[in-house]
Amino acid sequence: MAIEQTISIIKPDAVAKNVIGQIYSRFENAGLKIVAAKMVHLSQERAEGFYAVHKERPFFADLVAFMTSGPVMVQVLEGENAVTKNRELMGATNPKNADAGTIRADFADSIDENAVHGSDSLENAAIEIAYFFGEEGLCPRTR
Ligand code: GDP
Ligand code: MG
């Protein structure tokens with residue numbers, strides 16, 4: 001199986017709940033390594049740019065308002081099948097439909113405040129990694 005990299009974002013609701021460490025433990029317990037991370041308070045422009053694919057959706061303004069309401073924690077996860085594995089750990093977009101034991105089932109309150117983002121394909125993962133870490137780059141594990 002291929003080693004992949006994917007973007008994870010712990011959204012403002014989960015940062016406010018102070019569960020960054022609990023969510024990180026789920027990544028680590030699943031064999032995913034954090035190879036880059038930073039906390040950022042997204043500007044309107046940066047949130048709109050990140051979610052540009054959704055700009056025609058009726059919830060776009062609400063999504064941008066939510067994502068700029070407080071700091072987020074952005075990380076690159078690396079490991080076998082990382083894109084799919086992260087999506088499985090996250091659970092369904094609507095926490096009401098998320099499997100028991102997933103991050104959204106345990107930490108999210110609603111479809112709009114749903115705790116985490118994860119890249120949905122390898123192609124989008126590359127775009128999202130460049131969007132957040134293009135200048136700083138990643139930190140490959142050397143030991
Ligand atoms: P994801 O890949 O599982 O995060 O889901 P999508 O890519 O479909 O949507 C992106 C984000 O938009 C979701 O994580 C939600 O935060 C938000 N979102 C999606 N659908 C709705 C909706 O019907 N209403 C609202 N308010 N937000 C939504
Ligand atoms: Mg998505």
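Numbering of ligands and ligand atoms starts at 1, following listing order. The figures that follow rest on heavy atoms only: side chains count, while hydrogens, waters and symmetry mates do not.
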Using a strict threshold of under 4.0 Å (side-chain N to carboxylate O), is an ion pair present between E78 and R141?
no

Sorted by chain and number, the residues that approach ligand 1 to under 4.0 Å with a heavy atom
K11, H54, F59, L63, R87, T93, R104, I111, D112, N114

Excluding F59, membership of its hydrophobic cluster (Ile, Leu, Val, Met, Phe, Trp, Tyr; side-chain heavy atoms within less than 4.5 Å) reads I7, I9, V35, V40, L42, F50, Y51, F60, L63, V64, F66, M67, V72, V74, V76, I129, Y131, F132, F133, L138

Looking at residues at least two apart in the chain, or sitting in another chain, which of them share a salt bridge (charged side-chain N to carboxylate O under 4.0 Å, His left out) with R26?
D106

Should we count CD of E123 as having more than 12 external heavy atoms under 6.0 Å?
no

Which ILVMFWY residues can you reach from I111 by hopping between side chains whose heavy atoms are under 4.5 Å apart?
none

NZ/NE/NH1/NH2 to OD/OE distance under 4.0 Å, D109 and K96:
no

